[in-house]
Amino acid sequence: MATDRLAKRPFGSGRLMTPPIAVGCAPMGSMTEAFGYAVSEEDAVATIATALAGPINFIDTAALYGDGVSETRVGKGLAALGGLPEGAVLQTKQGRNPKDNDYSGDTVKWRMERSLQLLGVDRVDAVYLHDAEWTTFEEAMAPGGPVEVLQKFKDEGVFDYLGVAAGPNEVELQYIETGQFDAVITHNRYTLLNQNANPVIDAAHERGMAVLNAAPYGSGILVRGPESYPRYAYSEAPDAMIERTLVLREICDRYGVPLAAAAVQFSTLDPRIDVTIIGMSHPDRLAQTIEFATIEIPDACWEEINALPALPQDNPEERRYSEKLPYEK
Ligand SMILES: NC(=O)c1ccc[n+]([C@@H]2O[C@H](COP(=O)([O-])OP(=O)(O)OC[C@H]3O[C@@H](n4cnc5c(N)ncnc54)[C@H](OP(=O)(O)O)[C@@H]3O)[C@@H](O)[C@H]2O)c1
């Protein structure tokens, strides 16, 4: 096992050092519509405690996940440990109010204040403009708008890194090109099944921004298998993706490699990606994730995976979840 693969590395061009994997806390928001199952507070808090005691001590949450439920649970996990342990990393995201979809500066301000309260901290490492496709670039960047509000929190020392976390490439690229953002999160678009985010990853990496790739399992299919989880990015997976998953698994099986390990390492071994965010809600997921990230995958296995025909770059299925995720409606 190559355990040095979990060594901390610089986060973008700042001084922060982070592990290459973060614990994604969307499932801990218990959003049954998105993931198809509920998560208990007990499991969520135990997962946070296990993560913070090990090498993957980087927590990614958002005000949107269960509209405060995920942050409340992260906060309980932190409180049980007497606060965020030395060297651990915490980030959250701010955007619209899911009750009325208001994405104004005022909404982002009160939700940021609520996040700090729920998390039980007075600062975090990074905050992202969340699901920026739910507002327009002009409104987000206007005086008094959400970006200015977040920038003010940053100037006051509430966090060090301002990031953007959107879906469609064109939205991500607009914010990246402002030069005002230190980090970017892409999701479900750089996996073994969909690589549409390549231009976003390239643009952010070339600028020295921190690049975070979320949902390497495409929300679950690449770890649970298409039989038990025939979904991609929180919706029913198209047939072509299910077929591709079966082909990928057949290749991995021949080399004795779990498909999930290839899914994780596809992202973690990419030199452009600083952090891979993996969603989980059980304490035993940490050890499983470490195994997936560190087992050796033979070159011949990668060669077979890489030899598969390219995936369509802009197919109708991709557009379907590019716009808005179902759990956010
Ligand atoms: N707009 C954005 O900024 C954005 C969008 C999407 C995601 N994200 C972030 O990125 C994270 C990752 O995305 P995601 O959670 O949607 O998808 P994901 O990481 O591709 O997959 C998460 C799913 O995989 C399951 N899983 C994880 N490890 C497993 C294991 N060892 N065995 C079996 N199942 C396993 C989890 O189940 P359990 O719950 O049972 O552990 C969960 O259902 C999110 O949680 C969130 O923090 C951000």
Side-chain angles (χ1 to χ4, degrees), residues 21-40 43-44 46-48 50-51 56 58-66 70-71 73-74 90-96 126-134 163-168 171-172 175 183-194 197 200 211-225 228-229 231-235 237 245 258-261 263-264 266-268 275-293 295 321-322 324-328:
I21 295 176
V23 173
C25 299
M28 293 182 204
S30 203
M31 299 179 288
T32 45
E33 248 189 89
F35 290 97
Y37 55 88
V39 171
S40 71
D43 277 345
T47 305
I48 295 294
T50 307
I56 304 180
F58 185 164
I59 306 297
D60 173 85
T61 184
L64 186 71
Y65 301 156
S70 174
E71 289 181 326
R73 293 170 168 192
V74 172
L90 176 62
Q91 63 179 26
T92 189
K93 316 184 193 80
Q94 300 300 338
R96 69 190 170 91
V127 175
Y128 297 78
L129 185 73
H130 196 189
D131 293 346
E133 60 270 34
W134 281 80
V164 60
V171 178
E172 296 264 55
Y175 289 94
V184 67
I185 297 178
T186 180
H187 70 89
N188 290 289
R189 292 169 180 79
Y190 193 68
T191 71
L192 290 173
L193 296 169
N194 178 320
V200 169
V211 178
L212 298 91
N213 182 39
Y217 303 136
S219 84
I221 189 171
L222 287 166
V223 63
R224 294 171 186 270
S228 59
Y229 202 79
R231 287 159 70 79
Y232 192 91
Y234 325 106
S235 325
T245 305
L259 174 57
V264 169
F266 176 75
S267 178
T268 55
V275 179
T276 300
I277 312 178
I278 304 180
M280 57 188 87
S281 61
H282 296 284
D284 54 0
R285 298 290 188 233
L286 274 307
Q288 293 161 357
T289 304
I290 291 169
E291 165 95 13
F292 293 152
I295 79 169
Y321 63 82
S322 272
K324 285 166 187 175
L325 298 178
Y327 73 82
E328 294 166 333

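Just follow the structure's listing: the first ligand is 1, and inside any ligand the first atom is 1.
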_Residue-level breakdown please: for F35 versus ligand 1, do any non-hydrogen atoms fall below 4.0 Å on the side chain, on the backbone, on both, or on neither?_
side chain

*For T245 and Y232, does a side-chain donor sit closer than 3.5 Å to a side-chain acceptor?*
no

*Give a yes or no on whether the backbone of R285 and the side-chain of T289 come within a donor-acceptor separation of less than 3.5 Å.*
yes

*Taking the side chain from Q91 and the backbone from D60, do they hold a donor-acceptor pair closer than 3.5 Å?*
no

*Between E172 and V200, is there a donor-acceptor pair closer than 3.5 Å when you use the side chain of the first and the backbone of the second?*
no

*Within the side chain of S30, is there an N or O that forms a donor-acceptor pair under 3.5 Å with the backbone of V39?*
yes

*Pick, from Y229, Y234, F292, the option with the minimum heavy-atom distance to atom 16 (O) of ligand 1.*
Y234

*Using distance alone, determine whether Y37 and ligand 1 share an N or O pair under 3.5 Å.*
yes

*Could you tell me which atoms of ligand 1, counted from 1 in the order shown, lie closer than 4.0 angstrom to a heavy atom of Y65?*
4 (C), 8 (N), 9 (C), 46 (C), 47 (O), 48 (C)

*Under the 3.5 angstrom rule, does the side chain of Y229 hit a backbone N or O of F35 as a donor-acceptor pair?*
yes

*Is T289 close to ligand 1, meaning an N/O of one under 3.5 Å from an N/O of the other?*
no

*Just distances here: any N/O of M280 and N/O of ligand 1 closer than 3.5 Å?*
no

*From G225, S219, S267, A132 - option closest to atom 17 (O) of ligand 1 by heavy atom*: S219

*For ligand 1, is any non-hydrogen atom under 4.0 Å from D60's backbone (N, CA, C, O), its side chain (CB onward), both, or neither?*
both

*Find all atoms of ligand 1 within a distance of less than 4.0 Å from any non-hydrogen atom belonging to Q288, and give their numbers and elements.*
30 (C), 31 (N), 32 (N)

*Indicate yes or no: does an N/O atom of A26 lie under 3.5 Å from an N/O atom of ligand 1?*
yes

_Applying a heavy-atom cut-off of 4.0 Å, say which part of C25 lies close to ligand 1: side chain, backbone, both or neither._
backbone

*At a 4.0 Å threshold, what atoms of ligand 1 neighbour a non-hydrogen atom of H282?*
40 (O), 41 (O)

*Can you tell which of I21, I278, T50 makes a side chain to side chain contact (heavy atoms under 4.5 Å, CB included) with I56?*
I21

*asked:* Show the atoms of ligand 1 that are less than 4.0 angstrom away from any heavy atom in H130.
replied: 1 (N), 2 (C), 3 (O)

_CD1-CG distance between I48 and L90, expressed to the nearest 0.5 angstrom_ = 8.5 Å

*Just which atoms of ligand 1 are under 4.0 Å from any heavy atom in V223?*
24 (O), 25 (C), 26 (N), 29 (C), 30 (C), 32 (N), 33 (C), 34 (N), 35 (C)

*asked:* For atom 3 (O) of ligand 1, which of the options A166, A287, G279, A165 provides the nearest non-hydrogen atom?
replied: A165

*Option whose closest heavy atom lies nearest to atom 24 (O) of ligand 1, chosen from Y217, Y232, Y128*: Y217

*Examine distances only and state if a side-chain atom of S70 and a backbone atom of C25 form a donor-acceptor pair shorter than 3.5 Å.*
yes

*Parallel, tilted or perpendicular, as decided by the 30° and 60° cut-offs, for the rings of Y234 and H187*: tilted

